[in-house]
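First the structure, in the form of structure tokens, and then the observations on it.
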Amino acid sequence: MPRRKVFDLAWPLILSNITVPLLGLVDTAVVGHLPDSRYLGGVTLGATLFSFLYWGFGFLRMGTTGLTAQAHGRGEVDAMLRLLGQGLMLALVIGLALVALHPPVIALGLSLLDGSAAVTAQAELYARWRIFSAPAVLANYVLIGWFLGRGNSRVTLLLMVINNSINIVLDLLFVVGLGMTVDGVALASVMADYCTLVVGIALAMGVWRRWSWRPVAGVFRDLGGYRRLLSVNLALFIRTLCLLFAFAFFHAQGADMGDTTLAANAVLLQFVLLASYALDGFAHATESLVGQRIGANDEAGFRAVVWAASQWSLLAAGLASVSFWLAGDALVAVLTDLPAVRTMAGVYLPWVIAMPLLAAASYLLDGIFIGATRTRAMRDTMVLAVLGFYLPVWWLTQPLGNHGLWLAFVAFTLARSLLLGGLFHRAWSQRRWFAPAGHPAG
């Protein structure tokens, strides 16, 4: 049953998403008990910088998933091994480049985040350590994408649990046990990332062993494979930059309206993050299953997967919206005890109650287009959603203040859904989802 396949693939991804904020809570708790608040500010600022930096290279996970899933659907073991090798090579090159260029990258990033001098100094100390995790983080993206493309989402959960568990233990050891500060938190993350990479490589080697150590041909010589990988990933990179801009712009405009508005928006965006755990889980499952069906040239299976994933996504979005409606005020109270922030968050709560239902299609369509490796369409619609909807709506609704900002954000979300949805429907009705080979990113 397609519904069962989608759920079986999605639930480990949802759980792995939930482990992410757990680490943030532990980091905050450990550093928050140090005698000076600048340490907590430094870790927060530094972690924010690397969240944006590494998120920008998330295309390594997405591109690997779609291409691997299609090779898996075709039963091409050689292609899957070659994709893993080429993806890891690309991650290594980018990761080493980030390490080599880290002084200006860190300086630029921290200047944009605009913290106080004391907090920025601690964030710089954190960043000087954390940047050395870049090759491991990016390689882990490739490994997770490769296993997901093969339909093994439980590896994703395992790697996330290992990473966060090691990170938490080392946090306590370095900061509480050895008396380190922000450098201890950063070093814990670096070591956890490399330990996770070792486990991921070992798991991949286990798969290779089950394939009787099949020779990996063309990892270095197959320039066409690199061109295809870069074509898919470059479009995803531009798309991700647009998404990062949308969130950064939202934060910046909220900050211009005052500290209370900025804080209220930050609290409400946690609602959006919570809903994304489930919606992303089903979207990632869709990437794998859609790619496999396209690789196998199974149009009936493709349609069944899309229909099943649509049902799960709508159910998850509905449950999230109802939960926010019934318990939104209570959740705001959990996230902040500042009366002014609570009051303001309550005013804008209806926007995030509606958001899961409005955003569900955009998550699902992203999964479908990634699985089909039609990443140029994702890039073009994202650029249009930002330039043609988000910014114009914000400009026109500035007299509405923060309501106008939320309206612009919702318009951006709906535009993503409608633009990608239009392309999806046209290809669906004309039965053009199974494009000829050689047009993977169309």
Side-chain angles (χ1 to χ4, degrees), residues 12-55 57-58 61 95 98-99 102 105-106 109-110 113 115-116 118-141 143-144 155-202 266 270 273-274 277 334-336:
L13 299 168
I14 295 170
L15 287 181
S16 67
N17 287 340
I18 293 173
T19 68
V20 175
L22 175 62
L23 176 61
L25 290 173
V26 173
D27 281 348
T28 300
V30 169
V31 185
H33 284 86
L34 293 176
D36 196 311
S37 63
R38 73 177 187 273
Y39 298 124
L40 179 57
V43 168
T44 301
L45 208 64
T48 299
L49 170 63
F50 281 91
S51 292
F52 278 96
L53 180 63
Y54 289 152
W55 190 18
F57 293 98
R61 200 280 307 159
L98 288 175
V99 172
H102 78 268
V105 170
I106 291 172
L110 292 179
L113 291 172
S116 67
V119 167
T120 298
Q122 294 301 314
E124 186 177 359
L125 175 60
Y126 174 95
R128 284 204 301 267
W129 282 96
R130 185 71 192 279
I131 191 64
F132 288 101
S133 67
V137 170
L138 302 188
N140 286 331
Y141 286 168
L143 285 164
I144 288 170
V155 170
T156 298
L157 176 58
L158 175 64
L159 294 179
M160 292 298 294
V161 169
I162 289 172
N163 187 287
N164 291 332
S165 299
I166 293 174
N167 210 330
I168 289 169
V169 170
L170 293 179
D171 261 354
L172 296 171
L173 174 63
F174 293 152
V175 179
V176 178
L178 300 180
M180 299 174 73
T181 58
V182 298
D183 53 343
V185 175
L187 181 58
S189 295
V190 172
M191 294 181 69
D193 289 330
Y194 279 100
C195 288
T196 304
L197 176 60
V198 170
V199 174
I201 292 291
Q270 296 304 308
L273 182 63
L274 285 171
Y277 293 155
V334 169
L335 293 172
T336 179

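For the numbers below, each heavy atom of this structure counts, side chains included, while hydrogens, waters and symmetry mates do not.
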- Message: Is there a side-chain contact (heavy atoms from CB on, under 4.5 Å) between Leu170 and Leu187? Walk through the geometry before answering.
- Response: CA-CA 8 Å; Leu170 293 179; Leu187 181 58; over 6 Å; no
- Task: Go through the steps to decide whether Phe50 and Ser189 satisfy the test side-chain contact (heavy atoms from CB on, under 4.5 Å), and finish with yes or no.
- Result: CA-CA 11 Å; Phe50 281 91; Ser189 295; over 6 Å; no
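- Applying the side chain to side chain donor-acceptor pair (under 3.5 Å) test to Thr196 and every residue at least two apart in sequence or in another chain returns Asn163.
- For Phe57, the ring-ring contact (aromatic ring centres under 6.0 Å, His included) criterion is met by Phe59, Phe237, not counting sequence neighbours.
- Considering every non-hydrogen atom in both Arg130 and Val190, the closest pair reads CA-CG2, 3.8 Å.
- For Leu197, the side-chain contact (heavy atoms from CB on, under 4.5 Å) criterion is met by Ala136, Ala139, Asn140, Leu143, Tyr194, Ile201, not counting sequence neighbours.
- One finds the CG atom of Leu13 at 9.5 Å from the CD1 atom of Ile144 (value rounded to the nearest 0.5 Å).
- Nearest heavy atom pair, residue Gly95 against residue Ala134, reads O-CB, 3.8 Å.
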Residues 174-185 side chain polar contacts: donor-acceptor under 3.5 Å, at least two apart:
| residue | atom | partner | partner atom | Å |
| --- | --- | --- | --- | --- |
| Thr181 | OG1 | Asp183 | OD1 | 3.4 |
| Asp183 | OD1 | Thr181 | N | 3.0 |

- Message: Apply side-chain contact (heavy atoms from CB on, under 4.5 Å) to residues Glu124 and Leu110 and explain how you reach the verdict.
- Response: CA-CA 8 Å; Glu124 186 177 359; Leu110 292 179; 3.9 Å; yes
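- Looking at every heavy atom in both residues, Asp171 comes nearest to Ala188 through OD1-CB, 3.5 Å.
- Note: Thr120 OG1 to Leu125 CG = 12.5 Å, rounded to the nearest 0.5 Å.
- Closest of all the heavy-atom pairs between Ile166 and Cys195 is CD1-CB, 3.5 Å.
- Among residues two or more places apart in sequence or in another chain, the ring-ring contact (aromatic ring centres under 6.0 Å, His included) test is passed with Tyr141 by none.
- Across all non-hydrogen atoms, the minimal contact from His102 to Ile131 is CB-CG1, 3.4 Å.
- Considering only residues two or more places apart in sequence or on other chains, Phe132 meets the side-chain contact (heavy atoms from CB on, under 4.5 Å) condition with Val99.
- Between Ser16 and Thr156, the shortest heavy-atom distance links the atoms OG-CG2, 3.8 Å.
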